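Read through the structure below, which is laid out as structure tokens, and then see the notes.
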Amino acid sequence: MLTERSTLTQFLIEERRRHPGSSGELNSLILDVALACKAISRRIASGALTGVLGKAGAVNVQGEQQQKLDVVANDIFLRATEWGGELAGMASEELDEPYPIPPRYPRGKYLLTFDPLDGSSNIDVNVSVGSIFSILRAPVPGEAAETEDFLQPGTEQVAAGYAIYGPSTVLVLTVGTGVHAFTLDPNLGEFFLTRQDIKVPEATAEYAVNTSNRRFWEPAIRRYIDECLQGVSGPREKDFNMRWVASLVAEAHRILTRGGVFMYPWDSKDPEKEGRLRLLYEANPIAFVIEQAGGLATTGRERVLEVKPTGLHQRIGFIFGSREEVERIDRFHAEQTDEDDAGDQSYPLYGLRGLFRTIT
Ligand code: ZN
């Protein structure tokens with residue numbers, strides 16, 4: 001086993017040799033993140049045996065019920081990464097404000113954002129959940145990071161990825177040189193390289209969307225899904241399959257493995273929100289991974305990675321996956337006219353939609 005496959009550590013060291021000038025701190029930070037993912041994987045695997053399932057009794061900054069495991073996973077991430085001297089600050093889905101590095105530890109040149117347990121509302125039903133992370137450069141290395149420091153477009157990410165806790169635990173990583181997957185050997189407690197330079201298939205016949213929101217969608221999304229539903233007898237001239245796990249990491253991993261397109265577009269259900277998923281620690285890291293694997297990620301109006309964030313917990317419409325499908329959905333948004341909306345009871349929010357228009 002040890003001679004056949006690289007460990008994550010070995011992979012990172014060899015990657016660094018190929019890119020002189022890259023920092024050893026980044027490798028240390030990635031290994032600390034990987035340690036956090038291993039620890040979370042163990043806690044999840046024990047499930048009800050250790051009493052970690054169920055609600056924590058608190059509501060997080062997103063207004064979502066915190067699960068006990070959200071709190072546990074968040075603490076694991078903080079403890080695993082705060083001490084090493086690589087970070088100037090962290091931001092988590094579970095924390096209102098950026099987490100300051102405790103004064104007893106040195107501060108470094110990177111920022112870490114993470115969703116410690118994505119899909120945790122499904123944890124009690126034992127489906128795959130995950131952790132998502134993104135690493136940025138701190139604008140002022142060595143100084144305590146402030147909220148504005150985190151508001152960098154996704155193109156600035158140095159590294160990003162996720163761990164999926166499924167039948168096996170897999171860490172998917174990009175440092176901007178392709179996408180690689182490492183499977184956890186639970187006996188050795190090591191991640192081993194199991195898929196190198198992953199590519200998202202360009203064409204697909206599989207989509208993932210929460211169709212219960214159909215009446216709130218924009219015409220472009222309804223047009224796209226309606227055409228898929230018409231199958232061989234419709235304009236697409238092929239039958240599609242639908243998948244919906246309601247776990248972003250699980251959807252991203254499926255698409256990375258066999259292609260597909262995922263949509264959680266902006267809709268008019270909750271007009272205050274620009275989307276459902278969070279830009280800094282969900283959409284950006286997944287978009288970076290997907291683009292590095294040859295896929296595309298869009299809001300419907302612009303490339304996700306080019307969106308200039310305005311808030312730590314900002315939400316965004318998020319569509320990603322196989323290139324051909326994402327390009328088609330982008331085109332449908334561009335072709336969408338005001339007449340499409342006229343007389344449509346579902347779209348009373350011309351103000352917000354007008355706002356989007358000015359962006360394009
Ligand atoms: Zn999440």
Side-chain angles (χ1 to χ4, degrees), residues 37 40-41 43-45 47 53-55 62 64-67 69-70 73 93 114-133 160-172 179 181 183-184 194-195 198 200-201 204-214 216-217 221 224-225 228-229 239-267 269 275-278 281-290 293 295-298 304 315-322 325-326 329:
C37 295
I40 294 167
S41 170
R43 295 305 294 266
I44 288 170
L53 299 186
K55 292 180 173 51
Q62 323 286 338
E64 295 163 346
Q65 272 281 351
Q66 262 182 332
Q67 307 288 318
L69 269 172
D70 284 327
E93 172 172 343
F114 58 90
D115 177 356
L117 198 58
D118 177 69
S120 62
S121 60
N122 289 319
I123 196 93
D124 291 351
V125 293
N126 207 17
V127 301
S128 295
V129 291
S131 303
I132 314 174
F133 62 92
Y162 61 82
I164 179 167
Y165 313 114
S168 57
T169 290
V170 179
L171 182 79
V172 171
V179 179
T183 303
L184 180 64
T194 42
R195 286 176 70 199
I198 302 170
V200 177
T204 182
E206 210 163 72
Y207 64 85
V209 70
N210 183 352
T211 51
S212 70
N213 289 326
R214 186 182 186 281
F216 304 112
W217 291 342
I221 298 293
Y224 176 79
I225 296 297
C228 292
L229 288 171
D239 288 336
F240 281 76
N241 273 320
M242 196 191 92
R243 293 288 180 274
W244 184 251
V245 192
S247 166
L248 177 63
V249 169
E251 312 279 4
H253 199 66
R254 185 189 60 250
I255 287 169
L256 207 56
T257 304
R258 66 179 194 205
V261 60
F262 170 94
M263 282 158 276
Y264 214 123
W266 177 85
D267 64 41
K269 187 178 183 178
R276 172 80 179 84
L277 296 164
R278 274 56 61 105
Y281 40 80
E282 291 181 322
N284 270 344
I286 298 291
F288 190 22
V289 166
I290 292 292
L296 292 176
T298 177
V304 167
R315 294 171 189 260
I316 194 111
F318 190 25
I319 296 157
F320 68 86
S322 295
E325 299 305 309
V326 178
I329 295 165

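Since the model is a prediction, treat every value here as computed from it, not as a measurement.
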Considering all heavy atoms of both residues, which atom of [X] and which atom of [Y] are nearest to each other, and what is their separation?
| X | Y | answer |
| --- | --- | --- |
| Ile164 | Ala250 | CD1-CA, 3.8 Å |
| Val261 | Met263 | CG1-CE, 4.1 Å |
| Ser41 | Thr169 | OG-OG1, 2.8 Å |
| Val179 | Val289 | CG2-O, 3.2 Å |
| Ile198 | Ala181 | CD1-CB, 3.8 Å |
| Pro116 | Asp70 | CG-O, 4.3 Å |

Sequence neighbours excluded, the answer for side chain to side chain contact (heavy atoms under 4.5 Å, CB included) partners of Ala287 is Ala297, Val304, Leu305, Phe318

The side chain to side chain contact (heavy atoms under 4.5 Å, CB included) partners of Ser131 (sequence neighbours excluded) come to Cys37, Ile40, Phe77, Tyr165

Mind checking whether [X] and [Y] have side chains closer than 4.5 Å, heavy atoms only?
| X | Y | result |
| --- | --- | --- |
| Arg214 | Ile225 | no |
| Leu184 | Leu171 | no |
| Ile221 | Ile319 | yes |
| Arg276 | Lys269 | no |
| Tyr264 | Glu282 | no |

Worksheet item: Can you list the steps and then say if Leu117 with Ile44 is a side chain to side chain contact (heavy atoms under 4.5 Å, CB included)?
Response: CA-CA 10 Å; Leu117 198 58; Ile44 288 170; 3.6 Å; yes

- prompt: Mind checking whether Phe320 and Phe262 have ring centres under 6.0 Å apart?
  reply: yes

Self-check item: Atom CG of Asp239 with >12 non-hydrogen neighbours under 6.0 angstrom
Solution: yes

Check your understanding: Quick one: do the Thr204 and Ser322 side chains pair a donor with an acceptor below 3.5 Å?
Key -> no

Sequence neighbours left out, what passes side chain to side chain donor-acceptor pair (under 3.5 Å) with [X]? Give chain and number order.
| X | value |
| --- | --- |
| Tyr207 | none |
| Asp115 | none |
| Asn210 | Ser212 |

- [ ] Report the C-alpha separation of Leu296 and Ile290 in whole Å, then their side-chain angles, then the decisive distance to 0.1 Å, and conclude whether the side chain to side chain contact (heavy atoms under 4.5 Å, CB included) test is met.
- [x] CA-CA 6 Å; Leu296 292 176; Ile290 292 292; 5.9 Å; no

Rounded to the nearest 0.5 angstrom, the CG-OG distance for Asp118 and Ser128 is 11.0 Å

Separation between CG (Leu229) and OH (Tyr224), nearest 0.5 Å, reads 10.5 Å

Give the table of side-chain donor-acceptor pairs shorter than 3.5 Å for residues 251-259, with sequence neighbours excluded, one pair per line with atom names and distance.
{"unit_1": "Glu251", "atom_1": "OE1", "unit_2": "Arg254", "atom_2": "NH1", "d": "3.0"}
{"unit_1": "Glu251", "atom_1": "OE1", "unit_2": "Arg254", "atom_2": "NH2", "d": "2.8"}
{"unit_1": "Glu251", "atom_1": "OE2", "unit_2": "Val245", "atom_2": "N", "d": "2.6"}
{"unit_1": "Glu251", "atom_1": "OE2", "unit_2": "Ala246", "atom_2": "N", "d": "3.0"}
{"unit_1": "His253", "atom_1": "ND1", "unit_2": "Tyr162", "atom_2": "OH", "d": "2.7"}
{"unit_1": "Thr257", "atom_1": "OG1", "unit_2": "Arg195", "atom_2": "NH1", "d": "3.4"}
{"unit_1": "Thr257", "atom_1": "OG1", "unit_2": "His253", "atom_2": "O", "d": "2.6"}
{"unit_1": "Arg258", "atom_1": "NE", "unit_2": "Glu206", "atom_2": "OE1", "d": "3.0"}
{"unit_1": "Arg258", "atom_1": "NH2", "unit_2": "Glu206", "atom_2": "OE1", "d": "3.1"}
{"unit_1": "Arg258", "atom_1": "NH2", "unit_2": "Glu206", "atom_2": "OE2", "d": "3.2"}

